[in-house]
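Working notes for the structure below.
From a predicted model like this one, the values you see are computed outputs, not experimental measurements.
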Amino acid sequence: MVMPSPPAKYGGVWLVFALVIVWKVLLFSFSAQPVPSNDAYFYDGAVVNQLHHGGYFNPTIARAMPISGKRVFSAYPPLYQALLWLWMSAFGTSAISAMALHLVLFAAYALTVLAILYRLQMPVWCIHIAGFYLFLLTFHDRPDSLAHLLGMLAVYSWIRSRRNLDLGAAPLPVPWVWAMVAFTILALCTSLQIGAIYFLWIWIGMLATSLAGGEKFPLIPMSMLLIVPVVLVAAVRIGFPELWDGFMEHARQTPSLTGWRMPTIPEVLKVLRTTPGILFVAITLPGSWLKQHNNVATAEYARFELILIPALLSALAVVAACLFLLTANTVAIANYLQPVIVACYLAFCGTLFAGNRWLRLQITGLWLAVLLGSIRAIGMSTWGLACAADVGYPTAIHRVEQELSTVPPGAAVVLSSAFLYEASKYNDLTVIHSDWMQKAKANPPISDLQALLALKPRKVILTQFDYYRRYQPTLDQLKSDPSLKDIQIINVARVRPPDAFPSLQRVVQHVSWAPIIVNLFWADPSQPGR
């Protein structure tokens, strides 16, 4: 991407963004964080299986999704898997390999955000404060990493295509309009949810810059942005019915869809902690409008407003959905929009209220918001390093491999996502994802206890997060079942992670690689746990 000639005042504009990327690299190098979350292998497993065993499907989820688990993985759009296949073909199929790819994607996303803010020629101090909101992005191990990169590239292209946004735009920035369309469609081909948010942002923004900014609406490109995704969906549904059935197999039972509900207090707190900057801007923006009095000689602030409003509306749509329709975890999508929203709001206020007490209040509030949202980043850099010094990635994986080598051929083993990358090399074991032992929305519902009794696995190998989050009460129930002769639970960790403390589980989670080994001895030895 072509950058404008930097004025002298833009020296050091990259410092905070570089600081965040260096922090990520050091955290990855010394502690292998962030540990892949519980659904990372759901998306990566088909590529790992293809490279190991020659079939593009994910056997670890076969009990919940027979199509994606046994025939062809089609639970999700395929663009991320295509990139992952290229990456793993070169760098291997380990969890570390997958984590390195996401680190590269995060760095590319961060640099794209920096390019957006730099192109807008906003004050350097706004860019620096917004850069600190990158510390809130501590989970990136799904197709989301690629989807947000493509989405931000679409936003960058949109800004370059509008003369009322990009002060250095060419008289006829036609190629940028089509780049915007291409990147938005590619984002949809990576993640429908995330692509839809950027699709919404682009559409609101294009309408705003046309109606409020007096710029011509690009009818043909925007029509193609509507038509092409519809054509792609129709082509898959009509031309590739098995792929469509595999997608619907996942969509019908995805845990993300909860149905209409009233949010609980923990869900509200999670949204507040994840998107504090967005919520702060949403609450204070009306006050800024009321205070401006239209007494600014330049319309410079309007440029930032034309970007802020579409981004804020798109992010608030995600927040509202997470509170009333989707699981609260989905709010992480909005988190990636936060740096742009914060920077544009600060630039907007800085233009209107330079030297004013109101501006100082906004800056103070947004600093407090970034501190609130950085709790997990602080935990990873302190408690997470202590956990890595206790049981690091190499030790954890070596122990998992030792345990798997003792399992008889044909037996079932249930593992957390982070350990499945190594376990999937074994073709003589039935390896099962700990989150997908059964259909998520079976009728009648099947509990984890019932699933374990049906599978009779010889071992369950869990991360600290999965054990304390989900499996501890289930295993306590299992102890009293007559079909089980004995159970051994071995916690490899000497340093207890935050997940082990109920009061901290929702504050700092998933910072330890130390496995918890559960050995199960069933009353009927003829059941190998298939």
Ring centres of Phe419 and His433 under 6.0 Å apart?
no

Polar side-chain atom of Thr395 near backbone of Val391 as donor-acceptor pair, under 3.5 Å
no

Are Tyr41 and Ser424 linked by a side-chain donor-acceptor pair shorter than 3.5 Å?
yes

Please list, chain by chain and in numerical order, all residues satisfying salt bridge (charged side-chain N to carboxylate O under 4.0 Å, His left out) with Lys459, sequence neighbours excluded.
Glu403

Atom CZ of Phe501: over 12 foreign heavy atoms under 6.0 Å
yes

With sequence neighbours left out, the residues meeting salt bridge (charged side-chain N to carboxylate O under 4.0 Å, His left out) with Arg470 are Asp435, Asp448

Main-chain N/O of Ala418 paired with Ser416 side-chain donor or acceptor, under 3.5 Å:
no

Heavy-atom side-chain proximity of Ile309 to Ile204 below 4.5 angstrom:
no

With Asp466 via salt bridge (charged side-chain N to carboxylate O under 4.0 Å, His left out) - residues at least two apart:
Arg469

Starting from the C-alpha separation in whole Å, work towards a yes-or-no answer on ring pair (Phe, Tyr, Trp, His ring centres under 6.0 Å) for Phe42 and His250.
CA-CA 11 Å; Phe42 174 89; His250 174 232; 5.0 Å; yes

So, does Thr112 use its side chain to make a donor-acceptor pair with the main chain of Ala108 at under 3.5 Å?
yes

So, Asn49 side chain and Tyr56 main chain: donor-acceptor pair closer than 3.5 Å or not?
no

Under 3.5 Å: donor-acceptor pair, side chain of Trp87, backbone of Ser97
yes

NZ/NE/NH1/NH2 to OD/OE distance under 4.0 Å, Arg252 and Glu249
no

Between the side chain of Gln505 and the main-chain N/O of Asp499, is any donor-acceptor distance below 3.5 Å?
yes

Can you name the residues that form a side-chain contact (heavy atoms from CB on, under 4.5 Å) with Leu192, not counting sequence neighbours?
Pro77, Phe247

Cut-off 3.5 Å, no hydrogens considered: what does the side-chain donor-acceptor table look like for residues 123-137, sequence neighbours left out?
from	atom 1	to	atom 2	distance (Å)
His128	NE2	Gly12	O	3.0
Tyr133	OH	Leu366	O	2.6

Between Tyr345 and Thr284, a side-chain donor and acceptor under 3.5 Å:
yes

Before you tell me yes or no, could you show the steps for His102 and Ser145 under side-chain hydrogen bond (donor to acceptor under 3.5 Å, both in side chains), namely the whole-Å CA-CA distance, both residues' side-chain angles and the distance that decides it to 0.1 Å?
CA-CA 6 Å; His102 287 281; Ser145 302; 2.9 Å; yes

Donor-acceptor contact below 3.5 Å, side chain Asp390 vs main chain Ala493:
no

Examine distances only and state if a side-chain atom of Glu305 and a backbone atom of Phe348 form a donor-acceptor pair shorter than 3.5 Å.
no

Cut-off 3.5 Å, side chains only: do His148 and Tyr198 have a donor facing an acceptor?
yes

Residues that Arg360 engages under salt bridge (charged side-chain N to carboxylate O under 4.0 Å, His left out), provided they are two or more places apart:
none

Let me know which of Thr274, Val271, Ile333 forms a side-chain contact (heavy atoms from CB on, under 4.5 Å) with Val319.
Val271

Taking Asn491 for its side chain and Ile516 for its backbone only, find out whether a donor-acceptor pair lies under 3.5 Å.
no

Which heavy atom of Ser94 sits nearest to which heavy atom of Tyr393, and what is that distance?
CB-OH, 3.9 Å

Can you confirm whether Trp85 is buried at CH2, in the sense that more than 12 heavy atoms of other residues, nucleotides or ligands lie under 6.0 Å from that atom?
no

